[in-house]
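Reviewing the structure listed below.
Convention: sequence-line order gives letters A, B, ...; per-chain numbering from 1.
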Amino acid sequence: MKKYLQNLLQQTLSTLRENGELPSPGHLSEHSGDTSQIPLERTRNPDHGDFATPVCLTLAKTARRKPREIAEQVVANLPASNLIERVEIAGPGFINFHIRDDAFRDQIRQILAAPDSYGNSGIGAGQRVQIEYVSANPTGPLHVGHGRGAAYGAALAALLTAIGFNVHREYYVNDAGRQMDILALSVWLRYLDLCGETVSFPAKAYQGDYIWDIAATLNREHGEKYRAAPTQEAGFPTVSEDKDPAAYSEKYLDALIAWAKNVLGESGFDFVHGLGLGALLDDIRGDLEQFGVVFEEWFSERSLVDSGAVEDVLARLRNNGYLYEKDGAWWFRSTDFGDEKDRVVIRDNGLATYFASDIAYHANKKARNFDRIIDIWGADHHGYIARVKAAMEALYQDGSDKGPSNPIVLLVQFANLYRGGELVQMSTRSGDFVTLRELRKDVGADAARFFYVMRRSDQHLDFDLDLAKSRTADNPVYYVQYAHARVCSLMEKLDGRALDWDATASLSGLDRLIESQELKLLRTLSRYPEVVESAALAYEPHQLAFFLRELATDFHAYYNAYTFLVDDATLRNARLALAMATRHVLKNGLAFLGVSAPESM
RNA sequence: GCGCCCGUAGCUCAAUUGGAUAGAGCAUCGGCCUUCGAAGCCGAGGGUUGCAGGUUCGAGUCCUGCCGGGCGCGCCA
């Protein structure tokens, strides 16, 4: 509907330009076939009709004429259309379109003809989009911060798919590096404890109970095969006093890891490492599945190290002259590309940094020739954007690759939990954080998914646990779901009253929908395809969440004002057709957000 | 200190990405259930969009400077 009007306007403007009534403003009109260039908006105020365009205001300057004068000319040349009731010029030069009610009634026909695909489109034209999200380190269970990234990424992926993009969802697994070594060490120390050894557990190691669980598995399945006594002869580091406890504890941890690798041997340590990694990945994967979040690919960081991809990108950077050695480490000259400071890619101990493998990962993404690469990161990573983009520019600045090498980075702010009006304190350091699993069990997956995307993702989110749990009108999730359930309930009631709904016949009696609540609901329904498109292209699923609440509001208002199950078959059919159309849109919209649409509650 | 993000009704947030008279939900107050699900509906009050300038037909939105808050600033990930 919107595109149709934009087309009309586009035609009209072209006509006027050809007639010399309007100047052809050079570069602006180069994409004359692109109707999305014509600004056309839904009006906020019903007095302004259904759609409005400020295009004459914009043209006024280059045309050196009064906006209203141009508007009159545009209106006079507008091709006739049976969609349009009337056209008005208002305010400084807006053109307001009043659309015929029949055009809105026709939306029902479209929805019922293809209930599952209404709102979808082919705008993406099959372009391949890689979208990476969550990507939490597999060193512990997911917490509520990861949950928001998961909900946001999944919703965005679903929306992009709906408008015709070919979406590849990916979880980057940090299965290499020191953090994973610490995890393996933590498991092993707990295991030794279970074997009866006396081991002091470092504060910097992973404290969570899940470490005990993995250690217990190791103990149950392999007995004392990996038991070793923490003796000095075996290289076990002794605890001594130190002036700088923080730095010392890190060094102590590294010494413990070295001891573990030495005592267990490469293969033994790898085994414990793999056991811990596997256990945590299984946990994360299962957790996300329960949350309705799935991926096409779990991309291993270690595979980049093993395949030599990390070395390869570093060599390329070195050959391009962007690496230099200082203080025993290798630095990437990211300041050449606008970063605040240069960044280490190889530490003085010879190990590559996380950043190094991240460069390799993004180079890998690029090599896969996606049309678009989207990274969804926690907002605390915003400092990494500049360096990753810098690295990509350094790698591909010769222009040999035309594809988009720069990722689009979308940041997700942290969510604060509130219970009983009080902020729930969380700190990852002490392991004292609320897990995603706890949140799901507490408020349910539906409420969690909806609440997470209810706000702009780049804004802080106050998550009211009590509200999410409440089964009252205050809870937006239940409010929307309830509207869906009410339609289902109506259809259930038909039999009991010896009535029926003739879907086919209903389509010829839609002109019986004349009440203000009906016309309002019809208009809202017609916005759905525009909302889906806009939410997807702007990467803003919250637009859809707001829309669904609005749609539910319109339906509830309608439901309360009129009776559906009336004896007049034509009227009944028409109203139920509208209710069913609403139901389909609610269900589809909720599905994009990962929220169920129950038939009864 | 430097960089990025934010500041909108008492609270939590929107605002078609520069459009017309800034809107919802909570909360407050007043109405509606013997009738399709009251997990609902109808109505009322509530604003100098942090402050001060600037850009233009037009600013919550853009630019500058303050004030206030968050995050980042490691050879961690």
>> Please compare A:Ile346 and A:Thr53 by the position of their nearest nucleotide in RNA chain B and report the one closer to 5'.
In response: A:Thr53
> What's the CG-C1' distance between A:Asp181 and B:C76, to the nearest Å?
Replying inline: 13 Å
> Heavy atoms under 4.0 Å, any strand shown: does A:Asn96 hit a base, just sugar-phosphate, or nothing?
Replying inline: base
>> Show, in sequence, the C-alpha distance, side-chain angles and deciding distance for A:Tyr152 and A:Tyr539, and conclude whether the ring-ring contact (aromatic ring centres under 6.0 Å, His included) test is met.
In response: CA-CA 9 Å; A:Tyr152 175 66; A:Tyr539 310 134; 8.3 Å; no
>> Does A:Ala60 reach a base, just sugar-phosphate, or nothing at all? Heavy atoms under 4.0 Å.
In response: nothing
>> From CG of A:Leu57 over to P of B:G58, roughly how many Å is that when rounded to an integer?
In response: 11 Å
> In whole Å, what is the span from the NE2 atom of A:His556 to the P atom of B:A24?
Replying inline: 17 Å
> Considering only the P atoms, how many Å lie between B:G3 and B:G74, rounded to the nearest integer?
Replying inline: 16 Å
>> Categorize A:Ala52 for me: base, sugar-phosphate, or nothing, with a 4.0 angstrom heavy-atom threshold over every strand shown.
In response: base
> What nucleic acid atoms does A:Asn475 come within less than 4.0 Å of, heavy atoms only: base, sugar-phosphate, or nothing?
Replying inline: nothing
> Rounding to a whole Å, what distance do you find between A:Ile257:CD1 and B:C76:C1'?
Replying inline: 12 Å
>> Testing the 3.5 Å rule here: is there a donor-acceptor pair between the side chains of A:Ser526 and A:Gln107?
In response: no
> For B:C41, is chi within 90° of 0 (syn) or not (anti)?
Replying inline: anti
> Under a 3.5 Å cut-off for both distances, is B:A24 Watson-Crick or wobble paired, and to whom?
Replying inline: B:U12
>> One character per nucleotide, please: for nucleotides 10-17 of chain B, 5' to 3', B when the base has a protein heavy atom closer than 4.0 Å, S when only the sugar-phosphate does, - otherwise.
In response: --BSSSBB
>> side-chain contact (heavy atoms from CB on, under 4.5 Å) for A:Tyr172 and A:Asp358? Distances and angles first, verdict last.
In response: CA-CA 10 Å; A:Tyr172 181 58; A:Asp358 222 24; 3.8 Å; yes
> What does A:Asp464 touch in the nucleic acid at a heavy-atom separation under 4.0 angstrom: a base, only the sugar-phosphate, or nothing?
Replying inline: nothing
> With rounding to whole Å, what would you report as the distance between B:G69 and B:U12 at their P atoms?
Replying inline: 16 Å
>> When both hydrogen-bonding distances must be under 3.5 Å and the geometry is Watson-Crick or G-U wobble, what is B:U49 paired with, if anything?
In response: none
> Can you check salt bridge (charged side-chain N to carboxylate O under 4.0 Å, His left out) on A:Lys587 and A:Glu599, steps first, answer last?
Replying inline: CA-CA 10 Å; A:Lys587 186 179 180 180; A:Glu599 300 191 4; 5.7 Å; no
> Are side-chain N/O atoms of A:Asp446 and A:Tyr478 paired as donor and acceptor at under 3.5 Å?
Replying inline: no
Nucleotides 29-37 of chain B: which of its N/O atoms have a protein N/O under 3.5 Å away?
| residue | atom | partner | partner atom | Å |
| --- | --- | --- | --- | --- |
| B:C36 | O4' | A:Arg497 | NH2 | 3.3 |
| B:C36 | O2 | A:Phe564 | N | 3.2 |
| B:C36 | O2 | A:Leu565 | N | 3.1 |
| B:C36 | N3 | A:Phe564 | N | 3.1 |
| B:C36 | N4 | A:Tyr559 | O | 2.5 |
| B:C36 | N4 | A:Tyr562 | O | 2.2 |
| B:G37 | OP1 | A:Ser489 | OG | 2.9 |
| B:G37 | OP2 | A:Lys493 | NZ | 2.4 |
| B:G37 | O2' | A:Tyr482 | OH | 2.3 |
| B:G37 | O2' | A:Arg486 | NE | 3.0 |
| B:G37 | O2' | A:Arg486 | NH2 | 3.4 |
| B:G37 | N7 | A:Ser489 | OG | 3.0 |
| B:G37 | O6 | A:Met601 | N | 3.3 |
| B:G37 | N1 | A:Met601 | O | 3.4 |

>> Expressed as a whole number of angstroms, how long is the span from A:Gln413:CD to B:G72:P?
In response: 10 Å
> Between atom CG in A:Asp466 and atom C1' in B:C26, what is the gap in whole Å?
Replying inline: 13 Å
> Is the closest side-chain donor-acceptor distance between A:Tyr528 and A:Glu533 under 3.5 Å?
Replying inline: no
> Roughly how many Å is it from CZ in A:Arg178 to P in B:C76, rounded to a whole number?
Replying inline: 8 Å
>> Tell me whether A:Arg486 forms a cation-pi arrangement with A:Tyr559, defined as NZ or CZ under 6.0 Å from the six-membered ring centre and within 45 degrees of its axis.
In response: yes
>> Anti or syn, where syn is a glycosidic angle within 90° of 0; which label fits B:U12?
In response: anti
>> As a quick check of understanding, evaluate salt bridge (charged side-chain N to carboxylate O under 4.0 Å, His left out) for A:Arg512 and A:Glu518, giving each step before the final call.
In response: CA-CA 10 Å; A:Arg512 295 292 298 277; A:Glu518 292 169 335; over 6 Å; no
>> Output the rounded distance in Å from CD (A:Glu340) to P (B:C4).
In response: 8 Å
> What integer number of Å spans the P atoms of B:U48 and B:G60?
Replying inline: 14 Å
>> Ring centres within less than 5.5 Å and planes less than 30° apart: is that true of A:His48 and B:A20 in this structure?
In response: yes
> Is the Lys NZ or Arg CZ of A:Arg318 less than 6.0 Å from the centre of A:Trp330's six-membered ring, within 45° of the axis?
Replying inline: yes
